[in-house]
Each structure stands twice: as C-alpha cells, then as structure tokens.
Amino acid sequence: MKDPLIVLDQVQKYYDDYHALRGISCEIGKGEFFSLLGPSGCGKTTLLRTIAGFEDVSSGRVLIGGRDMADVPANLRPTNMVFQSYAIFPHLDVAGNVGFGLRKRGDLSADQKKAKVIEALEMVGLAGYGKRPAHALSGGQRQRVALARALVLEPEVLLLDEPLSALDKKMREQMQTELRRLQRHVGITFILVTHDQEEALIMSDRIAVMFEGEIAQLAAPQTLYRRPASRKVAEFIGVMNFLSATSTVSGDTVALDIAGLGKVTLSAEQCPGGAPSGAAVAGLRPETLSVVIDDASATPSHSVTGKVVEVVYYGDMTYYEVALDGAQKPVTISMKNLPGRRVLEIGDTAKVAWDPSALVIFAA
Amino acid sequence: MKQGTGLRIYAVAYLIFLYLPVALLPIFAFNDGTVIAFPLQGFTTKWFVELLSIEALHGAVRNSLFVAITTAILSTIFGIFAARASSRYRFPLKGGILGLIMVPLVLPEIIVGVALLVMVVSLMGLSLSLWTVVLGHTLICTPFAVAILSASFNGLDRSLEEAAIDLGETAMGAFFKVTLPLVTPGIVSALLISFTISLDEFIIAFFLTGSEPTLPVYLWGQLRFPQRIPVVMALGTILVILSLVLLTVAEFFRRRGVRRTGAKDTGGFL
Ligand SMILES: Nc1ncnc2c1ncn2[C@@H]1O[C@H](COP(=O)(O)OP(=O)(O)OP(=O)(O)O)[C@@H](O)[C@H]1O
Ligand SMILES: [Mg+2]
C-alpha cells in the first residue's frame with residue numbers, strides 16, 4: 001500500500017499469561033473503511049484499544065501517519081473512539097457531550113465551538129437536540145451523540161467498537177448505511193469492530209478476519225466471500241457446503257474428483273489457501289447451486305441429480321437440502337422464488353446445476 | 001386467621017422496643033419537672049431556654065462541630081481514594097487491604113478507644129486534644145465512607161473516564177471533569193454520614209478527649225447532676241432530630257447518585 005495511515009507491525013499483547021494478540025501486522029489506508037471481524041474473545045477490542053492507546057503493546061509497533069505511537073498517550077493520539085457502551089457523559093446534555101473535546105481547543109472562539117457542535121449534530125441527524133439531557137436519549141440517539149462527539153474533533157482515525165450491537169435489527173440496518181455514507185462524506189479512516197459478518201460485508205472496504213489473536217485473512221468483502229483462505233473463514237462468513245474430494249496438482253491446474261459432483265479440472269487460483277494434494281474439501285456457496293425446476297429438459301453444462309430432503313420457505317427465497325447421489329451429506333441450495341416458479345417438496349427428485357468457477361478448494 | 005399475623009405483631013413489638021426510649025426524650029424534654037417519671041407535670045419549653053445559658057455546653061458544641069466536620073472531610077477523602085482504587089485497579093492483596101479498612105466497622109469501640117489511647121499517649125507521647133478524637137473518629141468513619149463511595153464508583157461505566165481521555169483530557173482532567181461530578185452525590189452522602197457518626201460518638205471520644213469535651217462526653221458528665229437531666233433530655237431531642245435530618249439528606253443524595261449513573265440500587269444504610 002502506498003502511504004498507509006496506520007501500520008501495525010508484529011503487534012503482540014499479553015494479559016498476564018494470556019496471549020491476546022499474536023503478531024498482528026497490517027496496513028490501513030487513508031480514508032479506508034476497515035473492519036475487524038471475528039468471534040467473541042478473538043482480540044478485536046484489544047487491538048482497537050491498542051491503536052487508541054488504552055493498552056500498551058507487549059511487543060511490536062503501532063504507527064499512525066508514520067509516527068511510532070509507543071510514547072504517545074491516548075489523549076494525544078489522532079484517534080477518537082466510539083465506545084461499545086457509547087460512554088455518553090450522564091451529567092452533560094447533548095451539546096455538552098459533543099462539545100466536550102472542543103473545550104480545550106484554545107484556537108477556537110466560543111462561537112466557533114458552538115457552530116462546530118451544531119454542525120456535528122446536523123451531520124448525524126440530531127439537529128436541535130443540543131439541550132436534551134443525556135438520560136433522555138434512545139439507544140440510537142446515544143449512538144449518534146457518541147459519533148458526533150468523536151467526529152467533531154476531526155480525527156485522522158475513528159475507532160468504533162461494535163457501535164451497532166446495542167440497537168434493534170431495523171435501527172442497526174439503517175445505521176449501517178448511514179455510517180457508511182457518513183464515512184464517505186467525511187473521508188476519515190474508520191476502523192470498525194464487529195462480530196456480525198453481514199455488517200462487515202455491507203460496510204467495509206477491507207475486512208480483517210481474526211481468530212484467537214491472529215488475522216486469518218485480510219481482504220475486500222467480495223474476495224473474502226468468494227475466495228475464503230481457509231475453511232474456518234469460509235464457515236465464519238456466510239454459509240458454505242463442503243464436499244470431500246481428492247485432488248491432483250499439475251502445474252497451474254488442479255484435477256479434482258468431488259463426491260457428489262464428479263470430476264473437474266480447476267485453475268490453482270481457486271485454492272486461495274494453496275493447492276492441496278490428495279485429500280481435499282470442495283466448498284460451494286448455496287446460491288451458486290440451483291435446482292432445475294421449470295424446464296426439466298434444460299441441460300446445464302454441469303448437473304447432477306439428488307433427492308430433496310428438506311424445504312424451508314422464506315417468502316423471497318426457498319432453501320433446499322438436497323442429498324446428491326454419491327455425497328455423504330446433503331447440500332444446501334438457495335433459490336429465488338420467481339413468479340410462477342414451483343416449490344419442490346420433500347422426497348422429490350431434483351436436478352442440481354452447479355458452476356465449477358464457484359468452487360473453492362481447501363486442504364482436508 | 002390471616003397469614004403472617006404473628007410476624008406482623010413481632011415487627012410492631014420490635015419497632016416499639018427500638019424506638020420507645022427515643023420517643024421518651026421529647027416527652028420529658030417538654031415536661032415541667034426535674035424528676036423523670038410519670039405522671040407528667042405539664043408543658044414547658046424552659047429546658048430548651050436553659051440550654052442557651054450554659055457556657056460549658058456551648059464550648060462542647062463547638063468542639064463537637066470541629067471534630068465532626070474535620071472527621072467528615074478526612075474520612076471522605078480517604079474514602080474516595082480507597083473506593084476509586086478498589087473499583088478501578090487490581091493489585092496484590094486487594095481483598096485483604098480492603099478488608100482491613102472495613103474492620104473498624106465491627107471492632108468494639110471500647111477496644112479501638114483503649115488501643116488508640118495507649119498508642120497516642122504511651123507510644124507516641126502526644127497529649128490528648130480534639131485532634132486525637134478526630135484521629136479515632138476518622139478511623140471508624142472511613143469504612144462507612146468507603147462503603148458509600150464504593151457503590152458510587154462501582155456504578156460508573158469505566159469507559160466514561162476513557163472517553164474523556166480519548167477526547168483529549170489527561171487522566172487527572174478526566175477524573176475531575178467526569179468522575180467527580182458523577183460521584184458528588186456519594187461524596188455528599190459520605191460527608192453527612194461521617195459527620196453524624198462523629199457527632200454522636202461517645203466511647204472513643206471519652207477515651208481520647210483532653211480538657212475539651214465533645215458534646216456526648218459533656219452530656220455524660222452532666223448526668224451526675226439530677227437537676228440537669230431535663231436539660232440533657234432537651235439537648236438529646238435536638239440531637240436526635242438533627243441526626244434524622246442529616247441521615248435523610250444523606251440517603252437522598254445517595255439515591256440521586258444511583259439514579260444519575262443509571263445503576264441499580266443495591267441498598268444503602270437506610
Ligand atoms: N484487561 C484484561 N485482562 C485480562 N484478559 C483480558 C483483558 N481484556 C481482554 N482480555 C482477554 O483477551 C481476550 C480478547 O479480548 P477482547 O475484548 O479483545 O475480545 P473481543 O474480540 O473484543 O470479543 P467480544 O466480541 O466479546 O467483544 C479475551 O479472551 C479476554 O478475556
Ligand atoms: Mg469486544
């Protein structure tokens with residue numbers, strides 16, 4: 001990356017004996033929306049707090065704007081944070097909260113500060129709420145106040161620790177798009193911590209998937225979804241069918257014999273974790289498989305037959321579990337419910353079409 | 001018979017036993033007679049008027065106020081340190097240290113009094129004064145202050161201070177601008193409780209006063225003179241009312257603090 005804003009270089013963190021961060025290295029660009037995604041306890045918050053300066057690193061370096069942050073305390077770092085609990089000051093009103101960080105700014109007159117607070121509140125959709133006491137705010141409003149309070153200081157980096165987890169589903173979805181729009185508008189680097197894979201996919205430019213203190217994969221959402229580097233990443237992000245296979249590598253191609261699908265030859269690119277030799281696992285997302293329903297005489301380039309063992313109807317979609325001839329486990333297939341398209345029933349025989357380019361191959 | 005009648009009778013009997021003696025104070029304080037006995041002799045306020053004319057009593061009141069105010073301030077300051085440390089930090093022997101702070105709560109006061117007397121006079125060679133009383137009272141009031149303030153500090157979201165630091169404050173600034181305003185109700189409550197305890201305390205004060213008695217010590221001295229007893233009753237009435245008012249105000253502040261930090265009320269001393 002050219003001119004990264006943040007550089008993490010072999011960051012390690014121990015809490016007493018517990019190894020919370022195990023050598024995190026990555027670069028985050030200016031104006032990037034970067035997400036840290038991982039299961040509970042994998043060290044996301046710890047990493048974020050390390051960048052904010054609330055935790056010292058045990059070894060390794062954190063650089064922001066080319067400057068080593070080792071001796072820079074949290075209050076002097078060019079970062080601001082939106083806390084998971086929002087940490088709205090209960091004894092101040094909304095304007096007092098948003099203006100808190102401006103109080104020390106000697107270069108601004110009282111009027112300028114007031115104007116900045118009003119502008120920040122407008123930006124988060126809380127215009128006119130300045131006099132509201134903190135305890136009279138809803139969850140979504142608290143979240144916006146926390147956001148305005150951080151953004152009003154125009155930090156180089158905004159750190160967000162699961163800022164949407166306390167909101168209900170509808171509010172969360174609304175804030176996801178709003179947050180993304182806001183980030184594009186202000187052009188500040190956002191680092192978002194989340195354990196919600198959908199949220200990370202929707203909002204981020206790039207996502208670092210973390211497991212147990214390590215980055216398992218760092219990639220753009222589409223790459224992460226289509227070409228997960230390991231089975232673990234694939235399972236964490238979305239749903240994937242796994243079929244056992246045997247693989248023979250020759251040069252840039254991999255010849256596979258997949259249980260239930262048959263023989264196919266792929267390019268080594270479809271093995272993001274490296275081409276395995278011998279026992280392998282072939283992964284397929286449910287939406288890359290389809291049940292041929294309307295036109296039984298259609299002949300897709302790759303198809304197999306199986307038996308429907310489960311049907312789950314979602315309104316817009318139908319999820320089928322189909323036991324393919326020759327596979328040990330049924331595969332999940334998602335189908336759009338187009339007008340006039342029939343929904344199969346349990347016990348029906350199904351013709352399943354698949355696309356070799358959608359396959360991802362992992363070592364077994 | 002309705003369920004729980006037995007328990008209700010017990011509760012009423014218990015309350016009567018507890019408060020009847022206190023209720024007798026104002027009755028005899030307004031009784032026109034030097035003998036503390038029924039039947040009552042008629043209504044008078046002369047014992048209260050007489051209070052105004054006793055010079056030694058005024059001195060005792062001044063001494064007690066000095067001791068109680070100083071004790072309240074010292075105990076609360078120590079309480080703030082201990083409560084903040086216990087709510088924020090992990091350190092070796094934390095449980096043991098906090099336990100030791102709380103021990104004077106359950107030690108018999110007479111033991112504390114004698115021990116302090118021996119230490120101050122024999123070992124340190126100091127002479128007794130109001131300051132030695134302050135020392136003893138601070139020892140027994142600090143646990144109360146710690147208990148009240150711990151509730152205030154524990155009720156605070158610890159990310160509040162971090163948020164203030166994140167927004168540019170130093171650790172000190174964050175404490176004064178965020179934490180302190182939020183625990184102020186707890187501080188007021190701790191000040192009032194310590195003040196009340198010190199004002200009423202007799203045993204330790206009895207051991208540690210020099211030539212200047214505190215109010216309870218002075219009162220005890222007056223009990224030797226039967227003709228003084230109605231005046232003591234009048235003074236006792238005033239003290240009881242004052243204590244009740246102070247404790248009520250303290251509880252009001254404690255509850256307000258709990259509400260302000262949005263924490264759950266886990267019960268105070270009242
Ligand atoms: N102050 C601390 N002392 C000791 N261990 C800690 C401390 N803070 C975090 N940990 C441990 O470090 C690990 C990572 O914690 P962290 O809070 O970073 O997880 P997380 O990925 O943010 O999880 P979550 O999604 O649940 O918030 C956890 O196992 C946690 O128990
Ligand atoms: Mg976390």
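Order of the sequence lines fixes the chain letters, A, B, ..., with proteins taken first and strands second; residue numbering starts at 1 for each chain.
Contact of F89(A) with chain B is made through backbone and side chain together, with heavy-atom distances under 4.5 Å. For L76(A), no part lies under 4.5 angstrom from a heavy atom of chain B. Proximity to chain B (any heavy atom under 4.5 Å) is shown, for L92(A), by neither the backbone nor the side chain. If you measure heavy-atom distances from R77(A) to chain B, you find no contacts under 4.5 Å at all. With a threshold of 4.5 angstrom between heavy atoms, R49(A) approaches chain B through side-chain atoms but not through N, CA, C or O. A164(B) touches chain A through backbone and side chain together, each having a heavy atom under 4.5 Å away.
Heavy atoms of other residues, nucleotides or ligands lying less than 6.0 angstrom from CG of D17(A) number 12 at most.
The aromatic rings of F175(B) and F153(B) lie parallel to each other, their planes meeting at an angle below 30°, with 60° marking the opposite boundary.
A donor-acceptor contact closer than 3.5 angstrom links the side chains of S159(B) and D157(B). Judged by distance alone, the side chains of T179(B) and E161(B) do bring a donor and an acceptor atom under 3.5 Å apart.
A salt bridge is absent between D111(A) and K116(A); no separation between the charged side-chain nitrogens and carboxylate oxygens falls under 4.0 Å.
Contact count versus chain A (heavy atoms, under 4.5 Å) is highest, among V178(B), D166(B), T170(B), L160(B), for D166(B). Interface remark: of the candidates P73(A), G101(A), A134(A), A52(A), G101(A) forms the most heavy-atom pairs closer than 4.5 Å to chain B.
Using a 4.5 Å heavy-atom threshold, the side chains of E169(B) and K104(A) count as touching.
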